[in-house]
Amino acid sequence: MARPLPQALCASLLLSLAGCSFWSPPPLELEMLVGSALKGFCQSAAAAIAKDPPQLPDRTPVLLRCRSAGSGDVVQQIEDQARGVLQGGGAAEDPRIPTLLSVDGEIYLELLRHRLQRLAPTRELIPLPADAPALASSPMVLMTTPELAKGLNRKDPYGALARSGDHHQLDPSGPFQPIRFVHTAPTRSNSGLQTVVAMVAEVAGKRPEQLTVADVRAHADQLAAIERHVTRYGSSTDELARAMQRNGVFWASVGAVYESSVVGVNSRRGPDQEAMKAVYPRATYASTMRVILPNAPWVSAKEKQAALLLIERLQQPAIQQLAAAEGLRPANPAVPASRVTPALGADPGAVYDSLRAPKPEVVEAIIQVWRDLAKKPSRVALVVDSSGSMKGEKLAAAQRSLQAYLGQIGPRDTVGLFDFDAALRPPVVVRGGAATGAGGAAASRFVSSLQAEGGTRLYDAVNQGRDWLLNSRKPGEILAVVVLTDGQDNGSSLPLDGLIGSLKRSGFGADERIAVFTIGYGNQGDFDGEVLKRIALGNGGEFATGTPESIRKRMEDLQLAF
């Protein structure tokens with residue numbers, strides 16, 4: 001065996017490094033892009049792996065870095081990056097392309113396979129689900145209160161939602177309480193897509209894999225009948241579950257979420273919050289979360305070798321226990337789902353028929369029918385601060401974000417655009433599909449005409465947006481005010497308490513059910529976060545902060561609510 005070289009000699013001559021006992025190659029860090037349900041587990045696993053990383057044969061330590069997005073966003077990003085490499089001359093070595101992937105269920109996995117096979121028909125860039133190792137699972141459930149659970153514990157819960165207007169119709173012993181429903185947006189969220197697919201399968205009387213495009217179109221009306229109960233959509237089941245528990249059953253009485261979301265809200269509930277219960281449909285999705293290693297030109301031989309080490313580590317009991325800590329069901333059978341318990345609203349022995357993915361063309365048809373025909377329409381007052389403090393990069397970033405937001409307006413949605421500073425201006429109204437036609441031109445003119453000047457009549461502007469909704473709303477719409485501001489109110493005729501009282505009279509305790517979402521934009525201290533939070537959380541909405549770098553993502557996530 002060769003004797004180690006003296007440390008000083010190694011350092012000075014930089015020779016024979018492999019023989020230096022103190023020397024180790026720099027670590028190789030691989031990125032894993034995961035769906036939102038696996039975010040917590042992935043981050044905990046990455047931290048644990050960093051303490052004792054696996055090593056390649058040349059002693060290179062292998063680390064894991066996590067990034068999360070909606071499963072639909074994962075698919076879209078990988079499709080765009082693959083197109084760039086395979087068809088557009090993009091660099092396979094582009095560090096922005098993740099080495100490992102995961103989506104929160106097999107529908108989006110199959111859709112990813114389908115879309116990449118269209119780009120490279122002779123290659124199998126994404127493995128079959130059976131060849132992608134499972135990390136964890138969490139079945140789709142209907143979250144409600146114990147009192148309301150009986151009416152949903154039936155063989156046709158979605159069909160019953162389509163036929164019923166209140167919980168007494170679901171269960172004769174139940175209250176005369178309107179059904180309020182929440183699920184995530186299927187265009188970007190796996191849980192939302194699984195929910196809508198399960199709806200179509202149930203009302204069509206077929207298993208998902210038997211569905212045809214004609215079936216999807218034939219049952220659009222029944223899908224719309226379920227969607228009429230929707231309070232709002234969202235980007236993640238955890239976010240919706242937290243909002244449901246915070247706002248109470250008159251905000252939303254039923255939520256289609258992961259089992260882990262029920263466990264999560266019950267783990268964190270306050271003394272004045274009601275416990276939630278998971279109702280397991282007779283047929284539902286297991287939501288198996290798999291780790292995907294693409295057989296693609298952007299994964300080098302060394303990266304593949306390192307990825308296999310990480311996959312092996314992620315399946316070991318010590319790491320799988322981190323999945324259990326997140327309320328997930330670990331894939332390793334030796335590790336119990338320790339938090340899936342009746343005390344936390346879940347049934348560890350739940351029995352259900354595990355649904356499979358439909359054909360990719362049927363999935364595409366379901367997404368289109370939902371967006372164009374079945375989705376509950378929305379009417380949003382988008383209130384934009386253009387006061388003098390917005391000058392420079394803040395206004396430019398806000399304009400880019402608004403343009404992207406308006407370009408994604410659904411065909412059944414309406415947005416009123418309000419520009420305010422020291423003055424209030426009448427809205428520019430954009431209807432259904434702002435990306436083209438007159439709507440697109442009006443939206444572009446509004447965005448390009450924004451100028452940073454004047455004061456900040458914030459409270460008056462919020463009230464103006466709410467009043468427009470009251471006067472222009474149509475039956476069956478989701479109603480919301482979205483406020484983007486970088487400052488504190490000055491010059492409003494309406495005081496804060498007057499605004500909050502006015503908003504409550506048309507909030508979720510009233511027939512109008514208008515929610516308010518606020519975004520504090522820029523540096524902490526420029527805006528009053530406590531005031532914006534008070535305005536939003538008192539009216540069934542959310543408060544968030546944004547910077548010129550993050551505002552577009554904030555706006556995209558918020559748009560999913562509607």
Side-chain angles (χ1 to χ4, degrees), residues 36 67-70 72-73 76-77 184-185 187-189 192 232-236 239-240 243 371 375 378-387 389-390 392-410 413-420 427-435 439-440 442-450 452 458 461-462 465 469 478-487 515-523 526-527 529 532-533 535-536 539-562:
S36 59
R67 183 161 55 91
S68 66
D73 293 331
Q76 188 63 58
Q77 177 179 322
T184 57
T187 48
R188 287 174 56 189
S189 167
R232 101 172 185 229
Y233 301 100
S235 58
S236 79
E239 175 261 326
L240 281 182
R371 189 172 190 269
K375 172 192 171 292
S378 67
R379 183 173 297 263
V380 178
L382 188 52
V383 180
V384 183
D385 180 353
S386 62
S387 59
S389 57
M390 287 286 286
E393 174 58 19
K394 282 202 290 187
L395 181 61
Q399 287 174 311
R400 292 192 296 269
S401 302
L402 290 169
Q403 195 69 55
Y405 181 102
L406 294 169
Q408 294 297 316
I409 294 175
D413 300 333
T414 303
V415 175
L417 301 168
F418 293 80
D419 165 26
F420 79 95
V428 173
V429 179
V430 180
R431 294 182 178 86
S444 294
R445 284 195 298 271
F446 173 87
V447 173
S448 61
S449 68
L450 292 175
L458 173 63
V462 175
L469 291 174
I478 296 174
L479 303 175
V481 180
V482 175
V483 185
L484 175 62
T485 180
D486 79 327
V516 182
F517 297 79
T518 56
I519 300 177
Y521 183 44
N523 298 319
D526 293 344
F527 54 86
L532 295 179
K533 184 183 297 185
I535 291 171
N539 290 276
E542 300 282 349
F543 164 67
T545 59
T547 65
E549 294 75 28
S550 70
I551 191 63
R552 178 166 179 167
K553 182 66 167 59
R554 291 288 191 195
M555 294 292 286
E556 286 176 350
D557 287 346
L558 185 55
Q559 189 179 44
L560 293 182
F562 319 123

First locate atom [atom1] of [X], then atom [atom2] of [Y], and finally report the distance between them rounded to the nearest 0.5 Å.
X      : Y      : atom1 : atom2 : answer
Leu417 : Leu406 : CG    : CG    : 5.5 Å
Phe420 : Ser387 : CZ    : OG    : 6.5 Å
Arg552 : Thr547 : CZ    : OG1   : 14.0 Å
Leu560 : Gln408 : CG    : CD    : 9.5 Å
Glu239 : Thr184 : CD    : OG1   : 9.5 Å
Arg371 : Thr187 : CZ    : OG1   : 7.5 Å

Side-chain donor-acceptor pair under 3.5 Å between Ser235 and Asp557, yes or no?
->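 Judged by distance alone, the side chains do not pair up.
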
Going by distance alone, is a donor N or O of one side chain under 3.5 Å from an acceptor N or O of the other, for Ser36 and Ser236?
->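 Side-chain D/A pair, Ser36 to Ser236: absent.
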
Looking at [X] and [Y], what are the two nearest heavy atoms and their distance?
X      : Y      : result
Gln399 : Val447 : NE2-O, 2.7 Å
Met555 : Ser401 : CG-CB, 4.1 Å
Ala381 : Gly465 : CB-O, 3.6 Å
Ser444 : Gln403 : OG-NE2, 3.5 Å

Would you mind checking if [Y] and [X] are paired as a salt bridge, meaning a charged N to carboxylate O distance below 4.0 Å?
X      : Y      : result
Asp486 : Lys394 : yes
Asp413 : Lys375 : yes
Glu542 : Arg554 : no

Any non-hydrogen side-chain atom of [X] less than 4.5 Å from a side-chain atom of [Y]?
X      : Y      : answer
Val380 : Val481 : no
Gln76  : Arg188 : no
Tyr521 : Thr485 : no
Arg400 : Leu402 : no
Gln77  : Arg67  : yes
Leu382 : Val482 : yes
Thr545 : Phe527 : yes
Leu484 : Tyr405 : no

Test item: Ser550 side-chain N/O and Gly546 main-chain N/O as donor-acceptor pair under 3.5 Å =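 The answer is no, because no donor-acceptor pair under 3.5 Å joins these two groups.
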
Set of residues satisfying ring-ring contact (aromatic ring centres under 6.0 Å, His included) with respect to Phe562, sequence neighbours excluded =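 Only Phe517 meet the ring-ring contact (aromatic ring centres under 6.0 Å, His included) criterion with Phe562.
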
Could you walk me through whether Val384 and Leu450 pass the side chain to side chain contact (heavy atoms under 4.5 Å, CB included) test, one step at a time?
-> CA-CA 9 Å; Val384 183; Leu450 292 175; 4.3 Å; yes

Start with the C-alpha gap between Val430 and Thr414, add the side-chain angles, then the distance that decides, and say whether side chain to side chain contact (heavy atoms under 4.5 Å, CB included) holds.
-> CA-CA 6 Å; Val430 180; Thr414 303; over 6 Å; no

